Amino acid sequence: MKIPAPRGRVSATLIDLLQNRGGTGHANAYGSLNLLVDEALAATADLLRDEDLQLALFCLYELHYSGLDGVEDAAEWDPELIRVRARLEAALEDVLRRTVPVPELPSPESEAVAKTLFDMAADDDGPSVSRFVASKASVEQLREFLILRSVYQLKEADPHSWAIPRLPVGRAKAALIEIQADEYGGGRVERMHSKLFGTTMEGLGLDSSYGYYIDQVPALTLASSNAMSLFGLNRRLRGAISGHLAAFEMTSSIPNAFYARGFRRHGFSDDVTYYFDEHVEADAVHEQIAARDLAGGLAEAEPDLLRRRDRPGHRCPARRRPAESLAGRRISFAGTPAEL
């Protein structure tokens with residue numbers, strides 16, 4: 001991915017360090033970066049909307065995906081950068097735990113967990129973006145919609161795939177692989193969901209290169225992507241990444257039907273709407289697999305994941321209104337709820 005433009009002192013220092021690893025003053029740059037991160041975390045009024053800190057964390061996570069142009073691959077496991085990432089993601093996790101409401105924990109049985117997840121997904125009083133797209137969105141708003149979604153959709157499934165080696169051999173792992181195989185097109189590159197989304201972007205005259213529009217994407221959209229990476233890259237949060245995928249699938253089928261309708265309303269062809277059409281049918285099946293076999297199966301295999309396990313010094317989350325993504329929907333941190 002191209003190097004994004006800095007959005008503040010933390011991201012500017014990080015990007016400069018990434019581009020000049022091993023140069024003069026390299027060791028001192030780590031110290032400066034750590035100090036700036038501590039100062040920025042202490043000063044921020046809203047971490048989820050902090051442009052500088054969310055971009056910095058996004059760049060650090062990106063080292064584990066396709067990488068950043070001009071940054072050597074070895075930076076992925078630079079212990080000093082890992083330390084900075086851990087500091088930022090600990091702060092993000094703390095905000096999520098304090099913000100996202102957690103229901104009464106179900107019994108560690110597949111049907112009980114699935115019911116809790118379906119209830120959480122249905123408990124949403126935010127404005128419907130999909131209905132707006134279907135009936136009112138202009139072509140320019142459709143382009144903006146695609147640009148915002150491109151941060152995740154052009155690497156669709158990758159964050160959740162981190163969970164594959166983290167789940168025990170059994171029902172949950174098999175369910176996850178079944179879902180992910182569909183996401184990656186069943187071995188056919190032209191059917192990969194990330195590829196289909198790129199075709200949709202191109203149909204509206206947009207560039208489908210991953211990260212091309214990163215400088216136009218606000219902090220809250222980056223925070224949504226960062227949350228997925230947080231869950232996927234930390235084994236102790238394997239319940240959260242499983243529940244997150246389940247919530248994704250549960251809130252996908254019907255909205256995608258509305259999205260397709262909105263694009264057709266402006267005369268776009270089936271090639272452009274195929275990404276959404278594909279998800280209408282696929283995710284109607286995936287939501288059942290994700291809720292019952294993935295999340296429910298994981299709870300049965302590892303019932304301890306349903307017990308609250310707060311980090312040292314961490315406060316239990318207060319019940320508040322859920323955080324919202326740019327799309328106006330709650331950020332889906334369903335998790336086998338214990339991980340929240």
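Please read these numbers as outputs of a predicted model, since none were measured by experiment.
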Going from CD on E76 to CG on L60, what distance comes out if it is rounded to the nearest 0.5 angstrom? 11.5 Å

Are side-chain heavy atoms of Q19 and L68 found at a separation under 4.5 Å? no

Could you check whether any side-chain heavy atom of K155 comes within less than 4.5 Å of a side-chain heavy atom of F197, counting everything from C-beta outward? no

Quick one: do K2 and E62 satisfy salt bridge (Lys or Arg N to Asp or Glu O under 4.0 Å)? Show the steps, please. CA-CA 11 Å; K2 71 174 185 177; E62 196 56 36; over 6 Å; no

Heavy atoms, side chains only, cut-off 4.5 Å: are R238 and E302 in contact? yes

Could you verify whether a donor N or O on one side chain and an acceptor N or O on the other, from D283 and S252, lie under 3.5 Å apart? yes

Nearest atoms (heavy-atom pairs only) where G211 meets M1: CA-CG, 3.6 Å

Examine the side chains of D207 and S209 and answer whether a donor and an acceptor come within less than 3.5 Å of each other. yes

Supply the atom-to-atom distance L57 CG to S225 OG, rounded to the nearest 0.5 angstrom. 9.0 Å

With side-chain contact (heavy atoms from CB on, under 4.5 Å) as the test, would you mind laying out the steps for L245 and L176 before giving the verdict? CA-CA 9 Å; L245 178 57; L176 177 57; 3.5 Å; yes

Indicate the atoms forming the closest heavy-atom contact of A246 with A290, along with that distance. CA-CB, 3.6 Å

For E300, the side chain to side chain contact (heavy atoms under 4.5 Å, CB included) test, sequence neighbours excluded, returns E109, S110, R171

For the residue pair W162 and H64, does the interplanar ring angle fall in the parallel (under 30°), tilted (30 to 60°) or perpendicular (over 60°) class? perpendicular

Check against side-chain contact (heavy atoms from CB on, under 4.5 Å), T199 and S208: CA-CA 7 Å; T199 299; S208 63; over 6 Å; no

Is it true that a side-chain atom of N234 and a backbone atom of L230 form a donor plus acceptor pair closer than 3.5 Å? yes

Would you check if the side chain of H286 reaches a backbone N or O of M250 as a donor-acceptor pair within less than 3.5 Å? no

Mind checking whether H279 and H193 have ring centres under 6.0 Å apart? yes

Quick one: are L17 and L81 in side-chain contact, heavy atoms under 4.5 Å? yes

Quick check on E281: does its CD atom have over 12 non-hydrogen neighbours (other residues, nucleotides or ligands) under 6.0 Å away? no

Quick check: do Q54 and F58 have side-chain heavy atoms less than 4.5 Å from each other? no

Side chains of Y275 and N256: donor-acceptor distance under 3.5 Å anywhere? no

One thing to verify: whether R191 and E183 come together as a salt bridge, which I'm taking to mean a side-chain N less than 4.0 angstrom from a carboxylate O. no

Is it the case that one hydrophobic cluster holds both I177 and I179, taking links as side-chain heavy atoms less than 4.5 Å apart, direct or via other members? yes

Are more than 12 heavy atoms, taken from residues, nucleotides or ligands other than D73, located less than 6.0 Å from that residue's CG atom? no

Looking only at non-hydrogen atoms, find the nearest pair between A56 and L88 and report the distance. CB-CD1, 4.2 Å

Indicate yes or no: at least one non-hydrogen side-chain atom of L33 is less than 4.5 angstrom from one of L14. yes

Scan side-chain atoms only and decide if Y210 and Q153 contain a donor-acceptor pair under the 3.5 Å cut-off. no

Would you name the heavy atoms of A299 and L306 that are closest together and state the gap between them? CB-CD1, 3.8 Å

If you look at every heavy atom in R264 and T273, which pair is closest and at what distance? NH2-OG1, 2.9 Å

Salt bridge present between E93 and R97 (N-O < 4.0 angstrom): yes

Separation of E39 CD from L41 CG (nearest 0.5 Å): 10.5 Å

Do V84 and L35 land in one hydrophobic cluster if side-chain heavy atoms of ILVMFWY residues count as linked below 4.5 Å? no

Spatial distance of atom CG (L220) from atom CG (L48) [nearest 0.5 Å]: 6.5 Å

Determine whether M192 and Y274 fall in the same hydrophobic cluster, where Ile, Leu, Val, Met, Phe, Trp and Tyr are linked whenever their side-chain heavy atoms lie under 4.5 Å apart. no

Carboxylate-amine/guanidinium proximity below 4.0 Å for R7 and D50: no

According to a hydrophobic-cluster definition based on side-chain heavy atoms being under 4.5 Å apart (Ile, Leu, Val, Met, Phe, Trp, Tyr only), do V280 and L142 belong together? no

Can you check salt bridge (Lys or Arg N to Asp or Glu O under 4.0 Å) on D78 and R83, steps first, answer last? CA-CA 9 Å; D78 183 321; R83 183 175 291 110; over 6 Å; no

Give a yes or no answer on whether the side chain of Q141 reaches the backbone of S138 with a donor-acceptor pair at less than 3.5 Å. yes

Which residues satisfy the salt bridge (Lys or Arg N to Asp or Glu O under 4.0 Å) test with D46, sequence neighbours excluded? R49

Do you know which two heavy atoms are closest between L298 and S242, and how far apart they sit? CD2-OG, 3.6 Å

Does the side-chain contact (heavy atoms from CB on, under 4.5 Å) test come out yes or no for T200 and F268, once each step is laid out? CA-CA 9 Å; T200 299; F268 290 107; over 6 Å; no

So with a 6.0 Å cut-off around OH of Y212, is the heavy-atom count from everything else above 12? no

Can you tell me how far CD of Q288 sits from CD of E249, rounded to the nearest 0.5 angstrom? 11.0 Å

CG/L206: more than 12 non-hydrogen atoms of other groups inside 6.0 Å: yes

Run the ring-centre check on Y152 versus F248 and record whether the distance is less than 6.0 Å. yes

Do E89 and F231 have side chains that approach each other closer than 4.5 Å (heavy atoms only, starting at C-beta)? no

Looking just at side-chain N and O atoms, do Y184 and S161 make a donor-acceptor pair shorter than 3.5 Å? yes

Taking the basic N atoms (NZ, or NE/NH1/NH2) and the acidic carboxylate oxygens, is any pair closer than 4.0 Å for D52 and R9? no

To the nearest 0.5 angstrom, please state how far the CD atom of Q216 sits from the OG atom of S150. 9.0 Å

Please identify each residue that fulfils ring-ring contact (aromatic ring centres under 6.0 Å, His included) with F276, with sequence neighbours left out. Y259, F263

With a 4.0 Å cut-off on N to O distance, would you call D293 and K173 a salt bridge? no

If hydrophobic clusters are built by linking Ile, Leu, Val, Met, Phe, Trp and Tyr wherever their side-chain heavy atoms come under 4.5 Å apart, do V133 and F258 end up in the same one? no

Heavy-atom side-chain proximity of R292 to V113 below 4.5 angstrom: no

Determine whether the side chains of D38 and N34 contain a donor N or O and an acceptor N or O closer than 3.5 Å. no

Go through it in stages, so that I can follow the logic: the residues are S130 and I254, the test is side-chain contact (heavy atoms from CB on, under 4.5 Å), and I'd like the CA-CA distance, side-chain angles, deciding distance and then a yes or no. CA-CA 9 Å; S130 62; I254 294 175; over 6 Å; no

